[in-house]
Amino acid sequence: MSEEQNNSTVQEKTEQELNEQRKIRREKLEQLRADGRDPFRWEKWNVSHYSEDIRKNFESLEDSEVSVAGRIMAKRVMGKVSFIDVLDKQGRIQCFVARDNITPEEYKIFKTYDIGDIIGARGTVFKTKTGEVSVRVSEIVLLSKSIQVLPEKFHGLTDTDMRYRQRYVDLIMDDDVREVFRKRARIIKGIRRFLDDRGYLEVETPILTVIAGGANARPFETHHNTLDLDMKLRISNELYLKRLIVGGLDRVYEMGKMFRNEGMDTRHNPEFTNIELYQAYADYNDMMELTEQLVSSLCQELYGTMILEYQGKTFDLTPPWDRISMEEGILRWLGEDFSKVETDEEAQAIAKKHNLEDADTMSRGKVIAELFEEYCEDKLDGPVFVTGHPVEISPLAKRNPDDPRITNRFEAYLNKWEIANAFSELNDPIDQYNRFKIQQQQLEAGDEEAHPMDLDYVNALEVGLPPTGGLGIGVDRLIILLTNQPSIRDIILFPTMKPLDKKGNAPAEEKEASGRAEKVKEAAEKIDFSKVEIEPLFEDLVDFETFSESDFRAVKVKECEAVPKSKKLLRFVLDDGTGTDRTILSGIHEYYEPEELIGKTCIAIVNLPPRKMMGIESQGMLISAVHQEEGAEKLHLLMVDDHIPAGAKLY
């Protein structure tokens with residue numbers, strides 16, 4: 001029997017065993033109901049103490065009666081006595097159940113209880129001979145019957161995808177997961193307390209809006225039936241909050257969900273938690289000080305130190321943090337001195353030298369921004385503040401009075417990730433209108449992330465916005481770092497996931513985020529082969545030895561995201577079977593959205609020399625099939641059976 005057949009047989013056997021266990025549990029439930037002991041009739045149970053409280057206060061609670069409740073996580077039956085571990089909100093507590101303490105009839109019923117069942121118990125606190133604080137049970141009641149089977153206790157949910165889909169099981173099985181979300185709650189409370197103590201007022205602004213402003217991002221769209229009005233989910237709350245500053249609320253903040261219809265990866269989820277705050281009569285330097293004080297104080301509160309450990313790295317969050325301008329970074333790491341570059345044409349020449357896309361159409365400021373993003377951001381371990389952002393990429397920030405080509409703005413970086421963005425807010429209504437006008441033209445030209453015109457906001461500025469400092473912090477990204485988690489999905493209780501099919505075991509294709517990709521896919525399904533044009537076969541023969549030097553391997557897509565500022569490139573993080581992630585860039589964004597490729601098995605050539613594309617080193621090439629159809633190029637990424645393991649070699 002082959003290994004694949006053997007694995008399939010084992011899987012079928014395991015599923016058969018699980019189905020049998022579920023059947024037995026249902027039969028137990030039916031018997032309980034027949035005996036008048038339906039567990040689901042219980043509405044409440046008065047809990048007097050929790051597990052950790054009992055342990056910490058053993059001396060005062062010894063021999064006292066307590067009432068506990070929770071889920072059975074372990075059960076050891078030894079004849080007339082049994083021990084169970086009960087999981088409550090604080091942890092586990094051992095309960096000692098003896099036939100003589102609860103009557104033979106109750107003990108007989110108790111022995112039918114399963115792992116995962118939820119019970120209520122009363123009894124006295126004592127210590128076993130081994131010194132374990134326990135409850136000697138005098139009454140035990142089944143409050144809820146679990147008819148599912150929990151995962152094996154030592155491993156929990158090992159399928160990462162299933163952990164995110166069934167977070168409720170993940171929380172039951174893994175103490176560390178519960179602790180992450182307790183820390184998340186502490187961090188969010190800590191942020192609120194920090195701002196409340198400094199006189200900021202927490203407010204609420206609309207999530208549904210007609211204009212999705214305050215950031216450059218693609219929004220989710222919806223429709224209000226009663227008003228017959230197309231609406232959008234907010235991508236930012238900035239413009240509403242600054243309207244409140246106009247109205248005289250000098251210090252405001254809002255922490256809540258934002259929604260962006262963009263790619264998904266380890267740092268991005270379509271809905272995410274963000275905080276924005278605004279302070280009248282302050283500038284971006286005040287926001288810098290506030291940022292470093294807030295982040296360092298959260299670390300101090302969690303761990304008693306301002307030294308943050310993250311995935312094997314160490315960061316000292318003690319203020320003050322380093323500062324570097326974009327031009328300084330480009331000079332340090334790329335050797336290009338923009339203090340000597342005055343014209344767009346000079347900047348375009350530098351852009352071409354460093355292989356930036358669409359270099360001929362870029363302004364000086366756009367070149368600076370893209371060079372920094374492609375060649376400098378990955379040097380920013382941080383914590384560090386990046387300043388000197390060009391006006392072209394900062395439509396809501398005040399110009400620097402000494403150099404009006406740049407703005408008084410910063411981005412805070414930690415672990416090479418942007419965690420905060422702040423301005424001295426633009427309050428000149430004429431300048432703001434003109435910047436919106438340029439952005440609106442870009443939007444109409446097809447840039448889905450350009451900022452739309454917002455005439456009501458311009459009107460608010462005409463009423464008068466005082467000098468204001470504004471700050472936005474990516475709360476989820478900050479929590480990833482402060483809790484030492486590898487992915488945003490590990491710090492969101494219910495991250496966005498593809499739906500399962502009707503059988504509940506295979507991801508169904510999500511509706512494409514891009515109408516363009518949807519049309520391509522639909523066309524591919526209804527292909528008319530009479531209109532297909534195939535490139536002629538090569539006439540020159542290649543000897544076998546030359547061909548065999550190309551190393552074709554099966555690779556699994558772990559992550560996929562659009563490369564910033566590129567309309568074509570997708571960045572793949574691949575499992576090639578070596579244990580080390582492989583990064584490959586492929587210009588197929590016209591045909592695929594990144595989220596639909598995650599989890600797929602593809603074919604790559606893995607022994608090509610690395611080459612940089614948009615500042616990212618690509619380590620090989622993914623294989624696609626290309627043909628012409630009615631004068632247009634069509635492309636299909638070569639995807640194979642998922643049973644093929646990562647690293648399998650093609651012959």
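Keep in mind that the numbers below use all heavy atoms, side chains included, and drop hydrogens, waters and symmetry copies. Quick caveat: nothing in here was measured; it's all calculated off a predicted structure.
- Remark: the backbone N or O of T483 is paired with a side-chain donor or acceptor of Q485 at under 3.5 angstrom.
- Judged by distance alone, the side chain of S296 and the main-chain N or O of T318 form no donor-acceptor pair under 3.5 Å.
- A pairwise comparison of heavy atoms in F194 and L290 identifies CE2-CD1, 3.6 Å as the closest pair.
- Under the ring-ring contact (aromatic ring centres under 6.0 Å, His included) criterion, H268 pairs with no residue, sequence neighbours left out.
- Note that CG of L482 and SG of C299 are 6.0 Å apart. Values are rounded to the nearest 0.5 Å.
- Side chains of I211 and K232 form no contact here, defined as non-hydrogen atoms less than 4.5 Å apart.
- For Y281, there are no ring-ring contact (aromatic ring centres under 6.0 Å, His included) partners, not counting sequence neighbours.
- Between F572 and E561, every side-chain heavy-atom pair lies at or beyond the 4.5 Å cut-off.
- Atom CD1 in I188 sits 9.5 Å away from atom CD1 in I275 (nearest 0.5 Å).
- Between L426 and P395, the closest heavy-atom pair is CD2-O, 3.9 Å.
- Looking only at side-chain heavy atoms (C-beta outward), H223 and M231 stay at 4.5 Å or farther from each other.
- By the ring-ring contact (aromatic ring centres under 6.0 Å, His included) test, H451 is found to be paired with F436, residues two or more places apart in sequence or in another chain being considered.
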So N421 and R409, side-chain hydrogen bond (donor to acceptor under 3.5 Å, both in side chains) or not? Walk me through it. CA-CA 8 Å; N421 186 24; R409 172 186 176 187; 3.0 Å; yes
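- Taking 4.5 Å as the limit, every side-chain heavy atom of R611 sits out of range of all side-chain heavy atoms of Q619.
- Judged purely by atom type and a 3.5 angstrom limit, D286 uses its side chain to pair as donor or acceptor with the backbone of D283.
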Take K568 and Y591 through the test side-chain hydrogen bond (donor to acceptor under 3.5 Å, both in side chains) and record every step on the way to the result. CA-CA 9 Å; K568 298 179 180 179; Y591 306 96; over 6 Å; no
Show, in sequence, the C-alpha distance, side-chain angles and deciding distance for D196 and L201, and conclude whether the side chain to side chain contact (heavy atoms under 4.5 Å, CB included) test is met. CA-CA 7 Å; D196 292 345; L201 177 68; over 6 Å; no
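- For the pair R184 and F181, the cation-pi test (distance below 6.0 Å, angle within 45°) is failed.
- In this structure a side-chain-to-backbone donor-acceptor pair under 3.5 Å is missing from R489 to M497.
- L195 is not listed as a side-chain neighbour of E202, based on a closest heavy-atom distance of 4.5 Å or more.
- Proximity of a side-chain donor or acceptor of Q348 to a complementary backbone N or O of D360 within less than 3.5 Å is detected.
- Checked against K398 for a side chain to side chain donor-acceptor pair (under 3.5 Å), the options T407, T468, N427, D431 give a single hit: N427.
- Take R251 and apply the side chain to side chain contact (heavy atoms under 4.5 Å, CB included) test, not counting sequence neighbours, and it matches R198, Y200, Q279.
- Put simply, the side chain of N484 gets close to the backbone of Q311: a donor and an acceptor are under 3.5 Å apart.
- Remark: E462 pairs with no residue by the side chain to side chain donor-acceptor pair (under 3.5 Å) rule, at least two apart or across chains.
- Ion pairing of R582 with E559 is absent here, as no side-chain N (NZ or NE/NH1/NH2) approaches a carboxylate O to less than 4.0 Å.
- Under the side chain to side chain donor-acceptor pair (under 3.5 Å) criterion, N225 pairs with no residue, sequence neighbours left out.
- Although no hydrogens or angles enter the test, the distance criterion places a donor-acceptor pair under 3.5 Å between the side chain of R435 and the main chain of A397.
- Contacts of N355 classified as side chain to side chain donor-acceptor pair (under 3.5 Å), with partners at least two apart in sequence or in another chain: none.
- In this structure, Y375 contributes its side chain and H354 its backbone to a donor-acceptor pair below 3.5 Å.
- In this structure, the side chains of M613 and L569 come closer than 4.5 Å at one or more pairs of heavy atoms.
- Partners of Q442 by side chain to side chain contact (heavy atoms under 4.5 Å, CB included), not counting sequence neighbours, listed by chain and number: I438, Q439, D447, A450.
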So E204 and E254, side chain to side chain contact (heavy atoms under 4.5 Å, CB included) or not? Walk me through it. CA-CA 6 Å; E204 295 176 293; E254 182 179 17; 4.3 Å; yes
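- Note: F259 and F220 fail the aromatic proximity criterion, with ring centroids not under 6.0 Å apart.
- The side chain to side chain contact (heavy atoms under 4.5 Å, CB included) check on V384 picks up D322, I324, L380, Y413, with sequence neighbours excluded.
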Working note: R234 + T205, criterion side-chain hydrogen bond (donor to acceptor under 3.5 Å, both in side chains); need CA distance, chi angles, decisive distance, verdict. CA-CA 10 Å; R234 68 182 180 190; T205 63; 3.3 Å; yes
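- Using a 30° and 60° split on the angle between ring planes, Y310 and W417 fall in the perpendicular class, above 60°.
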Between F385 and F410, is a ring-ring contact (aromatic ring centres under 6.0 Å, His included) present by the stated rule, with each step listed? CA-CA 6 Å; F385 292 115; F410 75 77; 4.9 Å; yes
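- A 4.5 Å side-chain heavy-atom check between C560 and V573 finds every atom pair outside the cut-off.
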Test M255 against E276 for side chain to side chain contact (heavy atoms under 4.5 Å, CB included), laying out the working first. CA-CA 7 Å; M255 182 156 42; E276 295 208 17; over 6 Å; no
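- The shortest side-chain heavy-atom distance between D230 and V210 does not fall under the 4.5 Å cut-off.
- Scanning both residues, P219 and N261, for their nearest heavy atoms gives O-CB, 3.6 Å.
- N274 places no side-chain N or O within 3.5 Å of a backbone atom of M258 that could act as its donor or acceptor partner.
- Heavy-atom minimum distance, T291 versus A420: CG2-CB, 4.1 Å.
- Not a single donor-acceptor pair under 3.5 Å links the side chain of E327 to the backbone N or O of G388.
- Judged as a side chain to side chain contact (heavy atoms under 4.5 Å, CB included), and not counting sequence neighbours, the contacts of T314 are I307, E309.
- Minimum heavy-atom separation, P401 to N408: CD-ND2, 3.9 Å.
- S624 is linked by a side chain to side chain donor-acceptor pair (under 3.5 Å) to nothing, counting only residues two or more places apart in sequence or in another chain.
- Residues satisfying the ring-ring contact (aromatic ring centres under 6.0 Å, His included) criterion with Y253, sequence neighbours excluded, are absent altogether.
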Determine, stepwise, if the pair D490 / Y164 fulfils side-chain hydrogen bond (donor to acceptor under 3.5 Å, both in side chains). CA-CA 8 Å; D490 294 301; Y164 302 141; 3.0 Å; yes
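- Salt-bridge check for E301 with K183: failed, with every basic side-chain N at 4.0 Å or more from each acidic carboxylate O.
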